[in-house]
Enquirer: 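Before I ask anything, here is the structure I am working with.
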Amino acid sequence: MSELKVYNSLNRAKEVFSPLVPGHVGMYVCGPTVSGESHLGHSRPYITFDVVYRYLQHLGYKVRYVRNITDAGHFEEEGREAEDKISKKAVLEKLEPMELVQKYTNLFHWGMQQFNTLAPSIEPTATGHIVEQIGMIEKIIADGYAYVVNGSVYFDVNKYAANYDYGKLSGRKIDDLLETTRELDGQEEKRDRADFALWKSAAPEHIMRWQSPWGVGFPGWHIECSAMATKYLGSQFDIHGGGMDLQFPHHESEIAQSTICNHEKPVRYWMHNNMITINGRKMGKSYGNVITFTELFSGSHPILEKAFHPMVIRFFILQTHYRSTLDFSNEALMASEKGLKRLWEAYENLNKLSYTTARNFDAELDARIVKLVNEFEEFMNDDISTAKVLANMFELAPVINSMKDKTIAVESISAETFALLQTQMKLYMENILGLQAVTDTGDDKLQGVMELLITIRKEAKTKKDFVTSDAIRNQLSKLGIALKDEKDGNTTWNIE
RNA sequence: GGUCCUGUGGCCGAGUGGCUAGGCAGAGCUCUGCAAAAGCUCGUACAGCGGUUCGAAUCCGCUCGGGACCUCCA
């Protein structure tokens with residue numbers, strides 16, 4: 001049996017995963033900033049790490065999965081310049097900042113449910129951990145790696161870089177960072193351009209504000225993750241995940257802060273998912289190509305030709321390795337939609353099959369099935385290669401469908417192999433990849449009506465009254481209900 | 001400008017130097033009252049130019065594309 005290997009961004013290599021505490025895994029994933037509605041881009045990390053979470057649990061680990069909600073600090077919001085937007089909008093609309101944050105948090109949770117992601121073990125908020133953040137900053141100042149200017153606190157990157165490996169995660173050299181030409185807010189207060197804020201003094205109109213030893217202000221952009229990860233996972237933990245765009249400066253800063261504060265390297269395995277692009281471009285507000293969850297599921301966005309079911313998005317994402325960019329297009333999504341439908345139907349067919357007594361044993365087929373099924377684990381162990389798992393499932397689909405159509409006898413493989421096929425397909429489809437049925441089967445009343453219609457149509461067909469039988473099928477089709485006449489004479493239906 | 005990633009058949013995408021990825025679309029066939037679904041068969045692709053090698057999509061170099069990060073960002 002192979003061991004789980006994951007690609008560690010810190011060392012740029014696949015490494016055997018071995019947790020700090022045997023049997024337990026601590027995993028932190030950067031959560032969303034809830035200053036606006038979640039979008040397609042957000043779906044990737046949370047679905048990716050949902051599968052990682054599920055797989056680690058499958059391997060028998062007790063996982064503490066921490067995913068934060070960023071609800072404080074320096075926000076951006078649609079149609080406004082970079083400022084603390086939550087506050088501004090809140091003032092204008094006379095809303096409590098927390099009211100706005102709650103709204104987008106709820107929408108995020110709703111989206112996560114649609115994608116069938118498991119809830120994290122702990123979902124801490126930045127605003128709920130101001131005390132911890134202040135405490136961490138105090139320790140960093142005490143150690144001489146931060147300085148106070150006009151009520152703001154900055155991290156001394158140069159001093160850190162002299163003693164530690166700053167830039168290792170993002171492959172950056174401190175000298176290169178000094179050449180940045182951007183003008184940033186508060187730049188003039190910093191001793192060095194590379195320094196970053198731990199605490200920022202708040203202007204009087206700033207509503208999100210907290211008392212601190214340095215005056216009234218709000219926490220810097222990176223300290224919340226360090227504080228919450230430390231609190232719930234300890235000064236060193238196993239996995240830290242997030243999007244590749246967070247590698248620098250966010251994660252690099254996290255390492256620096258935590259290292260000074262806790263005197264050890266915070267994270268053992270850094271995992272970064274790649275971006276979703278649209279026409280080769282990263283999705284981002286500045287590109288004007290953001291598709292929100294609600295737009296995605298309803299099809300109400302100029303880029304979209306139709307609505308896409310959340311499961312289709314999930315499947316689409318899992319068809320690509322998490323470290324590759326994934327290019328979005330209507331065509332690609334429609335391909336995923338069809339592929340998922342076919343795969344899921346094969347899976348349902350498999351669940352309906354039953355095994356009686358072995359006969360006409362087909363050793364070659366048996367061996368092929370065993371190989372394809374056993375590779376599920378091998379592929380997952382190879383840096384979570386969900387795309388390959390799905391490819392194998394697609395290879396199994398024709399075999400399963402042939403068993404259903406009885407062109408291949410279920411009993412031509414061993415009872416053990418059949419059981420393996422059924423249990424592993426269920427395990428991987430539902431528990432590990434977290435896929436679900438796309439079509440709903442309606443309620444009991446609809447079931448009854450459909451049975452009635454199918455019976456009437458069957459009688460018409462028996463009488464060769466194809467006008468009636470086709471009328472029933474065509475009318476139902478217009479309503480989005482598809483009828484399929486199976487080889488065994490039965491008719492099945494599903495809602496498209 | 002700096003750092004890094006990347007370029008696979010109509011589209012999307014796996015690819016660890018030699019052995020079919022897979023999906024969608026397309027073509028043909030089987031089944032079928034018709035349809036849908038399903039099954040079978042089929043494209044022989046790796047940006048270009050060199051190099052290493054018995055052998056490269058896979059390693060190296062150059063050229064040309066594309067992208068990410070360097071600023072909040074999943």
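The shown structure was predicted, so the numbers you read here are calculated from the model rather than taken from an experiment. Chain naming here is simple, since letters A, B, ... match the order of the sequence lines and numbering starts at 1 in each.
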Enquirer: Please determine whether a side-chain nitrogen or oxygen atom of A/T48 lies at a distance below 4.0 Å from atom OP1 or OP2 of B/rA74.
Expert: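 Answer is no, no contact under 4.0 Å.
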Enquirer: Between A/D327 and A/G280, is there a donor-acceptor pair closer than 3.5 Å when you use the side chain of the first and the backbone of the second?
Expert: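 Looks like yes, one N/O pair under 3.5 Å.
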Enquirer: Take atom P in B/rC72 and the same atom in B/rG17, then report the distance between them in whole Å.
Expert: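 These two P atoms come out 40 Å apart once rounded.
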Enquirer: With heavy atoms under 4.0 Å as the rule, sort A/G41 into base, sugar-phosphate or nothing.
Expert: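 Since a base atom lies under 4.0 Å of A/G41, the category is base.
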Enquirer: Of the candidate nucleotides B/rA74, B/rG15, B/rG22, which contains the atom at the shortest distance from the side chain of A/H321?
Expert: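 Of B/rA74, B/rG15, B/rG22, B/rG15 is nearest to the side chain of A/H321.
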Enquirer: Can you say whether the rings of A/H42 and A/H39 are parallel (under 30°), tilted (30 to 60°) or perpendicular (over 60°)?
Expert: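 Aromatic pair A/H42/A/H39 classed tilted.
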Enquirer: Say we look at B/rC42 and B/rU52: how far apart would their P atoms be, to the nearest angstrom?
Expert: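 Looking at atom P only, B/rC42 and B/rU52 are 37 Å apart.
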Enquirer: Taking B/rG26 as the reference, what is the distance to B/rC19 when you measure between their P atoms (whole Å, please)?
Expert: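 After rounding to an integer number of Å, I get 31 Å for this pair.
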Enquirer: Count the heavy atoms belonging to other residues, nucleotides or ligands that lie under 6.0 Å from NZ of A/K306, then report whether that count exceeds 12.
Expert: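 Correct, the count exceeds 12.
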Enquirer: When you compare B/rA45 with B/rA74, how far apart are their C1' atoms, in angstrom units rounded to a whole number?
Expert: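 It works out to 32 Å between them.
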Enquirer: Would you mind pulling out the nucleotide paired to B/rG17, Watson-Crick or G-U wobble, both distances under 3.5 Å?
Expert: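 By the stated definition (distances under 3.5 Å), nothing pairs with B/rG17.
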Enquirer: Rounding to a whole Å, what distance do you find between A/K371:NZ and B/rA21:C1'?
Expert: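 Nearest whole value for this atom pair: 10 Å.
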Enquirer: Using whole Å, report how far OH of A/Y28 lies from C1' of B/rA74.
Expert: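 So the two atoms are 14 Å apart, to the nearest Å.
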Enquirer: Quick one: A/F376 CZ to B/rG22 C1', roughly how many Å, whole number?
Expert: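 Value for this atom pair: 13 Å.
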Enquirer: Both distances under 3.5 Å, Watson-Crick or G-U wobble: report the partner of B/rC4, or none.
Expert: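 By the stated definition (distances under 3.5 Å), B/rG67 pairs with B/rC4.
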Enquirer: Give the minimum heavy-atom separation between A/P120 and A/R67, together with the two atoms involved.
Expert: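 What the structure gives for the nearest pair is CD-NH2, 3.5 Å.
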Enquirer: Does B/rA14 have OP1 or OP2 sitting under 4.0 Å from an N or O in the side chain of A/S324?
Expert: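 It does, given that an N or O in the side chain of A/S324 lies less than 4.0 Å from OP1 or OP2 of B/rA14.
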Enquirer: Kindly point out which of B/rG33, B/rG15, B/rU71 is positioned nearest to the side chain of A/S469?
Expert: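 The answer is B/rG33.
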Enquirer: Can you tell me, in whole Å, how much space there is between the C1' of B/rU41 and that of B/rC4?
Expert: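 These two C1' atoms come out 45 Å apart once rounded.
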Enquirer: Taking the minimum atom-to-atom distance to the side chain of A/T320, which one of B/rA14, B/rC73, B/rG33 wins?
Expert: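 So the side chain of A/T320 is nearest to B/rA14.
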Enquirer: So if I take every side-chain heavy atom of A/K388 and compare against B/rC70, B/rG15, B/rA74, which nucleotide ends up nearest?
Expert: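 Nearest to the side-chain atoms of A/K388, counting from C-beta on, is B/rG15.
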Enquirer: Can you check the A/Q247 CD to B/rC4 P distance for me, whole Å?
Expert: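 Computing the A/Q247:CD to B/rC4:P distance gives 13 Å.
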Enquirer: Any base atoms under 4.0 Å from A/M393, or only sugar-phosphate, or nothing? Heavy atoms, all strands.
Expert: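 Nothing: the residue A/M393, judged by heavy atoms under 4.0 Å, touches no strand.
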Enquirer: Take the protein atom CZ of A/R368 and the nucleotide atom P of B/rG22, then report the distance between them rounded to whole Å.
Expert: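 Rounding to the nearest Å, CZ of A/R368 and P of B/rG22 are 10 Å apart.
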Enquirer: Can you give one letter per nucleotide of nucleotides 35-42 of chain B, going 5' to 3': B for a protein heavy atom under 4.0 Å from the base, S for sugar-phosphate only, - for none?
Expert: BBSSSS--
Enquirer: Output the single nucleotide from B/rU71, B/rG23, B/rA74 whose closest atom is nearest the side chain of A/A335.
Expert: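 Among the listed nucleotides, the one closest to the side chain of A/A335 is B/rG23.
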Enquirer: Taking B/rC73 as the reference, what is the distance to B/rA68 when you measure between their C1' atoms (whole Å, please)?
Expert: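 Taking atom C1' in both B/rA68 and B/rC73, they lie 12 Å apart.
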Enquirer: Quantified in whole Å, what is the P atom distance between nucleotide B/rU71 and nucleotide B/rA57?
Expert: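 About 41 Å, rounded to a whole number of Å.
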Enquirer: Heavy atoms under 4.0 Å, any strand shown: does A/M334 hit a base, just sugar-phosphate, or nothing?
Expert: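 No contact.
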Enquirer: Rounded to whole Å, how long is the line connecting atom CG of A/D382 with atom P of B/rA21?
Expert: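 Roughly 18 Å, once rounded to whole Å.
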Enquirer: With heavy atoms under 4.0 Å as the rule, sort A/I276 into base, sugar-phosphate or nothing.
Expert: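 It contacts base atoms.
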Enquirer: Just by modelled atom types, is the A/N116 backbone N or O under 3.5 Å from a matching donor or acceptor in the A/R314 side chain?
Expert: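 Yes: the side chain of A/R314 pairs with the backbone of A/N116.
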Enquirer: Pick the C1' atom in B/rG7 and in B/rC12, then give their distance to the nearest Å.
Expert: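 Per the computed distance, 15 Å lies between those C1' atoms.
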Enquirer: By centroid distance (under 5.5 Å) and plane angle (under 30°), are A/F466 and B/rG33 in a stacked arrangement?
Expert: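 Here A/F466 meets both the 5.5 Å and the 30° conditions.
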Enquirer: Can you tell me the base-pairing partner of B/rC40? Count Watson-Crick or G-U wobble geometry only, both distances below 3.5 Å, and say none if there is no partner.
Expert: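 Across all strands, the one nucleotide that pairs with B/rC40 is B/rG28.
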Enquirer: Using the closest heavy atom to pick a nucleotide of RNA chain B for each, name whichever of A/G242 or A/P249 lands nearer the 5' end.
Expert: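 Residue closer to the 5' terminus by nearest nucleotide: A/P249.
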Enquirer: Is the charged tip of A/R172 near the ring of A/F248: under 6.0 Å from the six-membered ring centre and within 45° of its axis?
Expert: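 Judged by the rule, A/R172 and A/F248 form a cation-pi pair.
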Enquirer: What contact category does A/H272 fall into here, base, sugar-phosphate, or nothing, at under 4.0 angstrom with non-hydrogen atoms?
Expert: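 Contact class for A/H272: none.
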Enquirer: Determine the interplanar angle of the A/H222 and A/F196 rings, folded into 0 to 90°, and report it as parallel if under 30°, tilted if 30 to 60°, perpendicular if over 60°.
Expert: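 Correct class here is perpendicular.
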Enquirer: Mind checking whether A/F328 and A/F308 have parallel, tilted or perpendicular rings, split at 30° and 60°?
Expert: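 If you compare the ring of A/F328 with that of A/F308, the planes turn out perpendicular.
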Enquirer: Measure CD/A/E254 against C1'/B/rC73 and give the value in whole Å, please.
Expert: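 After rounding, the reported distance stands at 14 Å.
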Enquirer: Please classify B/rG43 as syn or anti, treating any glycosidic angle within 90° of 0 as syn.
Expert: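 Syn.
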Enquirer: Remember a base hit wins even if backbone is also touched, and classify A/K461 as base, sugar-phosphate or nothing at under 4.0 Å, heavy atoms.
Expert: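 The residue A/K461 makes base contact.
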Enquirer: RNA chain B: A/S385 or A/N392, which has the more 5' nearest nucleotide?
Expert: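 Going by which nucleotide is closer to the 5' end, it is A/S385.
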Enquirer: Taking the six-membered ring for Trp, are A/F49 and A/Y55 ring centroids under 6.0 Å apart?
Expert: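 No.
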Enquirer: May I ask which nucleotide in the shown strands pairs with B/rA45, Watson-Crick or G-U wobble, both distances under 3.5 Å?
Expert: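 Paired with B/rA45, as far as the under-3.5 Å criterion goes, is no nucleotide at all.
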Enquirer: Are the charged groups of A/K463 and A/E459 less than 4.0 angstrom apart, N to O?
Expert: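 The answer is no: the pair does not qualify as a salt bridge.
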Enquirer: Considering only side-chain heavy atoms of A/D470, which listed nucleotide, B/rG13, B/rG33, B/rC69, is closest?
Expert: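 Output: B/rG33.
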Enquirer: A/I317 has an atom CD1; how far is it from atom P of B/rG13, in whole Å?
Expert: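 The distance from CD1 of A/I317 to P of B/rG13 comes to 12 Å, rounded to the nearest Å.
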Enquirer: So A/H240 and A/Y28, would you call those rings parallel, tilted or perpendicular, with 30° and 60° as cut-offs?
Expert: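 Correct class here is tilted.
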Enquirer: Would you indicate which nucleotide in B/rG15, B/rC12, B/rG10 comes nearest to any side-chain atom of A/D327?
Expert: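 The listed nucleotide nearest to A/D327's side chain is B/rC12.
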Enquirer: Under 4.0 Å between any heavy atoms, over every strand shown, what does A/E395 touch: base, sugar-phosphate, or nothing? Just pick one.
Expert: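 It contacts sugar-phosphate atoms only.
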